[in-house]
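Predicted model only: the values in this text are computed from it and were never measured.
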Amino acid sequence: MNVSDILTEFSKFSSFLPVIVGFMYFNKINKPFKRLVYFFCLSVFFEYFVTEFKKVYGTNVPLLHLFTPIEFCMFIWVFWKYFDKSIFVYLAIIVPFVGIALLDAFYINGIYSHNIVARPTESIILMIASFYYFYLNLTNHNKTTLIYREAMFWFSTGILIYFAINFYMFLMISQLVPPTAYLSIDIHSVFNIIANLLFAKAFTCFKWKD
């Protein structure tokens with residue numbers, strides 16, 4: 001087993017961390033983060049199911065077309081609940097994105113090609129949401145809670161790091177060739193581990209809640 005294989009296995013294993021920590025504090029966490037725990041359970045399933053799917057069908061790309069809109073809707077829902085916006089704001093974001101994801105899957109690239117339109121679009125929108133969270137915190141002079149005790153701080157940091165670092169790979173994945181392709185996969189594995197650690201850390205913030 002080479003270094004890339006080891007990183008891939010660690011990356012897959014790291015998907016359990018948010019689930020384990022989330023259930024440890026499940027009785028204390030709020031509604032958005034409870035749903036986030038369920039989503040991470042689904043992520044664990046996808047992490048391992050896509051591997052078996054690829055062994056049988058030779059590709060796991062169709063599952064990525066399915067997972068991307070689910071992931072996007074969940075992450076945006078967490079931000080939307082925190083920002084306390086109208087339901088129409090949420091729908092105005094997810095409906096066009098789901099439309100883009102469907103076009104990407106069935107018309108632009110095809111179900112068996114990488115979603116190089118939907119995935120980068122997802123990354124940009126989620127990075128904007130993360131930046132908006134940090135902007136609100138920087139401009140809130142009446143804030144009394146320490147930011148590192150906020151679950152949203154660690155969640156937003158995980159989102160920003162993961163999608164910013166992997167944006168190029170999501171955009172260019174169909175054109176990458178060895179050794180750049182292998183390096184991109186290794187980088188993705190490393191920052192997937194980091195993101196899962198940050199998501200797990202987010203759940204620990206609820207230990208300070210009454």
Side-chain angles (χ1 to χ4, degrees), residues 3-5 7-15 18 36 39-40 42-51 53-54 57-80 93-134 154-199:
V3 175
S4 293
D5 292 335
L7 280 175
T8 299
E9 290 304 315
F10 269 105
S11 178
K12 290 166 61 178
F13 177 76
S14 72
S15 63
L36 204 54
F39 167 75
F40 286 128
L42 180 65
S43 296
V44 170
F45 171 77
F46 265 90
E47 284 281 359
Y48 287 88
F49 182 68
V50 294
T51 301
F53 190 92
K54 187 173 183 178
Y57 297 101
T59 180
N60 56 17
V61 172
L63 293 179
L64 299 180
H65 280 281
L66 172 63
F67 183 74
T68 296
I70 295 173
E71 176 185 66
F72 179 80
C73 291
M74 184 67 249
F75 286 161
I76 283 294
W77 188 79
V78 175
F79 280 115
W80 168 70
I93 296 172
I94 66 164
V95 171
F97 179 80
V98 171
I100 290 171
L102 290 173
L103 288 172
D104 196 9
F106 297 105
Y107 294 99
I108 301 173
N109 290 299
I111 197 72
Y112 292 103
S113 298
H114 286 283
N115 49 354
I116 59 173
V117 174
R119 198 73 160 135
T121 303
E122 174 192 28
S123 301
I124 291 171
I125 297 173
L126 289 174
M127 284 190 288
I128 291 172
S130 297
F131 279 123
Y132 185 54
Y133 164 79
F134 289 116
W154 298 104
F155 171 75
S156 299
T157 303
I159 292 290
L160 185 58
I161 290 175
Y162 176 80
F163 286 99
I165 295 297
N166 290 299
F167 176 78
Y168 174 78
M169 188 191 77
F170 295 151
L171 185 65
M172 303 296 294
I173 189 168
S174 63
Q175 300 178 40
L176 296 177
V177 295
T180 307
Y182 298 138
L183 178 61
S184 296
I185 293 172
D186 291 345
I187 292 173
H188 176 270
S189 295
V190 169
F191 284 93
N192 188 53
I193 294 169
I194 293 173
N196 282 325
L197 287 170
L198 292 170
F199 294 146

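- M74 is listed as a side-chain neighbour of V78, based on a closest heavy-atom distance under 4.5 Å.
- Taking every heavy atom of both residues into account, I76 and I93 meet most closely at CG2-CG2, 4.2 Å.
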Check against side-chain contact (heavy atoms from CB on, under 4.5 Å), H188 and I173: CA-CA 12 Å; H188 176 270; I173 189 168; over 6 Å; no

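- Using a distance-only test at 3.5 Å, with no hydrogens or angles considered, a donor-acceptor pair links the side chain of D104 to the main chain of V117.
- Looking at every heavy atom in both residues, S11 comes nearest to N192 through OG-ND2, 2.7 Å.
- Between F97 and T68, some side-chain heavy-atom pair lies under the 4.5 Å cut-off.
- Put simply, the side chain of T157 reaches to within 4.5 Å of the side chain of F134, judged on heavy atoms.
- The two atoms that bring Y162 and R119 nearest to each other are OH-NH2, 3.3 Å, heavy atoms only.
- With rounding to the nearest 0.5 Å, the separation of OG in S113 from CG in L64 is 12.0 Å.
- Atoms CZ and CD1, from F79 and I125 in turn, are 12.0 Å apart once rounded to the nearest 0.5 Å.
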Candidate pair L171 and S123, rule side-chain contact (heavy atoms from CB on, under 4.5 Å), full reasoning: CA-CA 10 Å; L171 185 65; S123 301; over 6 Å; no

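- In this structure, I187 and M169 have side chains that are not in contact, with every pair of non-hydrogen atoms separated by 4.5 Å or more.
- P69 places none of its side-chain heavy atoms less than 4.5 Å from the side chain of L102.
- Remark: I161 CD1 to I165 CD1 distance equals 7.5 Å, nearest 0.5 Å.
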Audit row: F72, T121, side-chain contact (heavy atoms from CB on, under 4.5 Å) steps and yes/no: CA-CA 10 Å; F72 179 80; T121 303; over 6 Å; no

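- The aromatic rings of F163 and F170 are tilted relative to each other, their planes meeting at an angle between 30° and 60°.
- With values rounded to the nearest 0.5 angstrom, N166 atom CG is found 9.0 Å from S189 atom OG.
- The line from CG of L160 to OG of S130 is 5.0 Å long, rounded to the nearest 0.5 Å.
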Step-by-step side-chain contact (heavy atoms from CB on, under 4.5 Å) determination, I111 to V61: CA-CA 7 Å; I111 197 72; V61 172; over 6 Å; no

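- When atom types are taken as modelled, the side chain of H114 and the backbone of M172 share no donor-acceptor pair closer than 3.5 angstrom.
- Aromatic ring pairs are classed by plane angle as parallel below 30°, tilted from 30° to 60° and perpendicular above 60°; the pair F49 and F53 is tilted.
- Rounding to the nearest 0.5 angstrom, the gap separating the CD1 atom in I124 from the CZ atom in F167 is 4.0 Å.
- S15 has its side chain out of reach of F40: every pair of non-hydrogen atoms, C-beta onward, lies at least 4.5 Å apart.
- Using a 4.5 Å heavy-atom cutoff, the side chains of F39 and E71 are in contact.
- Among all heavy-atom pairs drawn from A118 and I100, the shortest one is CA-CG2, 4.3 Å.
- For the pair W154 and F199, the minimum side-chain heavy-atom distance is 4.5 Å or more.
- Environment of OH in Y48: crowded, with over 12 heavy atoms of neighbouring residues, nucleotides or ligands closer than 6.0 Å.
- Contact between F46 and L63 at its shortest, heavy atoms only, is CE2-O, 3.8 Å.
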